[in-house]
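Everything on this sheet refers to the single structure shown next.
A, B, ... follow the sequence lines: proteins, then strands. Residue 1 opens every chain. In this text the structure is predicted, and so the values were computed from the model without any measurement.
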Amino acid sequence: MSYWLMKSEPDEISIDDALAMPSLPWFGVRNYQARNFMRDNMKVGDGILFYHSSCPEPGIAGIAEVASTPYPDHTQFDAKSKYFDPKATQETPRWMMVDVKATRKTRLLSLQELRTVEALADMVVLKKGSRLSITPVTAAEWKVVMKLLDKK
DNA sequence: GCCAACGTTGGC
DNA sequence: GCCAACGTTGGC
């Protein structure tokens with residue numbers, strides 16, 4: 001069992017939107033490292049920190065879990081989609097995704113607060129210049145975050 | 001809107 | 001295979 005942090009822009013899909021769906025196809029990832037995490041490393045049942053990015057208060061907003069094995073992101077084949085990739089074909093898809101099932105909304109554990117927690121200093125998402133939309137979370141970090149979410 | 005820090009592209 | 005130019009992310 002592994003743990004992940006996945007960024008979503010709440011203007012696009014917030015934790016509330018995600019909770020309203022049976023599961024959410026994580027389409028639109030166009031970064032190879034992030035794709036590889038979904039394609040090669042994620043397992044059904046893995047824990048996910050649902051993170052709101054590019055918004056007034058960025059931070060962890062909920063909990064989710066991996067709900068499918070990897071499969072091709074259909075938006076890469078759709079010429080009208082902003083995620084269209086002319087180099088991808090049905091035979092050799094370039095972009096893979098998984099389904100994500102939101103399980104609960106949490107208090108907003110802000111980026112600002114995360115940065116004050118010593119035990120989380122090495123979290124990939126907090127590293128300087130980190131822009132990856134999907135990053136691994138260690139079991140120890142997950143535990144610390146769960147504890148922080150229960151507070152107050 | 002700014003801009004640091006990356007990632008990607010394409011000419012050579 | 002190098003690397004300059006360009007594009008993107010995302011906090012501020």
Do you reckon A:Met6 sits in the same ILVMFWY cluster as A:Leu120, going by side-chain contacts under 4.5 Å, direct or chained? no
Sorted by chain and residue number, the ring pair (Phe, Tyr, Trp, His ring centres under 6.0 Å) partners of A:Phe50 (sequence neighbours excluded) come out as A:Trp26, A:His52
Nucleotides 6-10 of chain B: which of its N/O atoms have a protein N/O under 3.5 Å away?
unit_1: B:dC6; atom_1: OP1; unit_2: A:Lys128; atom_2: O; d: 3.2
unit_1: B:dC6; atom_1: O2; unit_2: A:Arg131; atom_2: NH1; d: 2.8
unit_1: B:dC6; atom_1: O2; unit_2: A:Arg131; atom_2: NH2; d: 2.6
unit_1: B:dG7; atom_1: O4'; unit_2: A:Arg131; atom_2: NH2; d: 3.2

All heavy atoms of A:Ala102 vs all of A:Ile15, minimum pair found to be CB-CD1, 4.0 Å
Discussion item. Would the distance check show the side chain of A:Asp46 and the main-chain N or O of A:Lys43 forming a donor-acceptor pair, the cut-off being under 3.5 Å?
Written reply: yes
Taken in chain and number order and not counting sequence neighbours, the residues that satisfy side chain to side chain donor-acceptor pair (under 3.5 Å) with A:Arg39 are A:Asn36
